[in-house]
There are 2 protein chains.
Amino acid sequence: MTIGTTDRSLSTQVYEFLRERIISGELEPGRRLVEREICEQLNVSRIPLREALPQLEADGFIRTMPRRGAMVTQLTLRDIEELFDVRESLEVLAARLAAANPDPIALAGLETRISAARSALDRGSDHEAAAANVAFHDDVLAMSRNRLLHGLMQPLNGRMQWLFRMTADRDIRVQCAEHEGLYAAIRDGNVELAASLAFAHVAGGRQPSLALLADVLPADR
Amino acid sequence: MTIGTTDRSLSTQVYEFLRERIISGELEPGRRLVEREICEQLNVSRIPLREALPQLEADGFIRTMPRRGAMVTQLTLRDIEELFDVRESLEVLAARLAAANPDPIALAGLETRISAARSALDRGSDHEAAAANVAFHDDVLAMSRNRLLHGLMQPLNGRMQWLFRMTADRDIRVQCAEHEGLYAAIRDGNVELAASLAFAHVAGGRQPSLALLADVLPADR
DNA sequence: GCACGGAATTTTGTATTCCAAATTCTTCCG
DNA sequence: CGGAAGAATTTGGAATACAAAATTCCGTGC
């Protein structure tokens, strides 16, 4: 892909380009990002790149060390536990806020996600079902009508995306069922039920994920 | 102040310089940040400045519009409600985690904050007492031993600091009392009590603050 | 053959200069 | 007084330069 033909500032495009490749795993954890390489590949000068890097760092996608450049963040087991704790709290908040404001249009959107996941499941496409489930979460977040919350969660989810890919297929049917329960609670405006279902949903994926990752992750720093 | 004599990268120093001045209110909300001015004032080139700006934006301290530069974030009433919601959730999580791990050294630190606040109060120095109370919150955050949580809360608190200054003196004695209760719950490892006290503590400051701000804040965007 | 030390190379951090495009300011005219 | 044309400012970005730090490479000695 050549950058420069579309809209927005180059810095933003570089940011998005790198973020996508980190989330997708193409730039694997630990990979060093060498400025010259990226500038050459994207055909941009160092200025927009060096504006993109601090953003990526602020969002936790890379770590930079003085005079040693940037590398893709390598999550430790502890990092992931921290992520789960925070995500748990914020997903619960999102569910609570969504249930407090069960807007019909947003509800219809959630329904779409659920039926998409279910039909993908029927067709045997676990991949599509997982994607629909990710979209469901994002929609709940949007439905919370708290832009700050949504903005905070985005990079957290991005950082966990590869983890989702590793582990989400595990119990995708369970996830779909939980989503349907959560949807019903939100639709009915049952704030406390939505909160506890959201909590259970996130918490439920925790131990299995951590167990799966225990041996592939680096030790804590 | 002249930048350049201390350690760390210039970008970081510029970032911190601007952040401090935004938090302190010296750079008031809505103020435009003109690159040339800042570069001249700090005697740095545009490069480190342009690396600092995306960081400030990622942390919510400034907003930038393409081709129109950066300005200090002007919180709307809705922004502040969103902040309260998120802070509520995260402070509760921090209290919960701290109570789950009542480390003696950290507890001693909390005690120090409490007695500092109380003695400042006895001396009639509301200002110092408020500072000690802010430090107390930060210590609880640190005690949660969740670096992600701590990192997320920092800019949120920074953005609300001027609000604290406006409203904190109001019921500083109530705050101290609530802190003491929270401290006891954490010390005793009473996770649920700590959580509900933290919730009440944040939620309690909410309506009074919003009422105070209702007429000075700009309308929602 | 391998560890070690130092030189050569690469990379980052920052400055400077330059330019186009967009925005803002000024000024002049109706 | 309002508005439009032109001037000045400002941002977004490129190219180049260079010192300092880090990394790589290589030759030497063991």
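Below, read A as the first sequence line, B as the second, and so on, with proteins coming before strands; counting in each chain starts at 1. Side chains included, hydrogens not; waters and symmetry mates left out as well; all remaining heavy atoms used.
- Annotation: cation-pi pair A:R19/A:F17 absent, no NZ/CZ under 6.0 Å from the ring centroid and within 45° of its normal.
- An OP1 or OP2 oxygen of C:dT12 is reached within less than 4.0 angstrom by no side-chain nitrogen or oxygen of B:S9.
- OP1 or OP2 of D:dG12 has not a single side-chain nitrogen or oxygen of A:S11 nearer than 4.0 Å.
- A donor-acceptor pair is defined here as one N or O able to donate and one able to accept, closer than 3.5 Å; such a pair exists between the side chain of A:E57 and the backbone of A:T64.
- With B:E82 contributing its side chain and A:L148 its backbone, the two residues share a donor-acceptor pair below 3.5 Å.
- Residue contacts shown for A:R50 include a base, since a base heavy atom lies under 4.0 Å away.
- Between the CZ atom of A:R36 and the C1' atom of D:dT16 there is a distance of 16 Å, rounded to whole Å.
- When rounded to the nearest whole Å, the span between CD of A:E51 and P of C:dT14 equals 14 Å.
- Residue contacts for A:L49: at a heavy-atom cut-off of 4.0 Å it reaches no nucleic acid atom on any strand shown.
- Residue A:R46 places a side-chain atom within donor-acceptor reach of the base of C:dG13, judged by atom type and a 3.5 Å distance cut-off alone.
- Taking atom CG on A:L10 and atom C1' on D:dA14, their separation rounds to 10 Å, with Å as the unit.
- A:L53 comes within 4.0 angstrom of nothing in the nucleic acid, heavy atoms only.
- Taking atom CD on A:E37 and atom P on C:dT10, their separation rounds to 13 Å, with Å as the unit.
- A donor N or O paired with an acceptor N or O is not found under 3.5 Å between the base of D:dG12 and the side-chain atoms of B:R68.
- Listed nucleotides C:dT23, D:dA20, C:dA15 differ in distance to A:R67; the shortest reach to its side chain belongs to D:dA20.
- Comparing C:dA15, D:dT23, C:dT14 by their nearest atom to the side chain of A:R32 picks out D:dT23.
- Side-chain N or O atoms of B:T73 include one that pairs as donor or acceptor with a backbone N or O of B:F61 at under 3.5 Å.
- Separating the OH atom of A:Y15 from the C1' atom of D:dG13 is a distance of 21 Å, rounded to the nearest angstrom.
- We find that CD1 of B:I47 is positioned 13 Å from P of C:dT17, with the value rounded to whole Å.
- Between the CG atom of A:L33 and the C1' atom of C:dT12 there is a distance of 13 Å, rounded to whole Å.
- Side-chain N or O atoms of A:D79 include one that pairs as donor or acceptor with a backbone N or O of A:T76 at under 3.5 Å.
- Comparing B:P66 and B:S45 against DNA chain C, the residue whose closest nucleotide sits nearer the 5' end is B:S45.
- When heavy atoms are screened at a 4.0 angstrom cut-off, A:E35 is found touching the sugar-phosphate backbone but no base atom.
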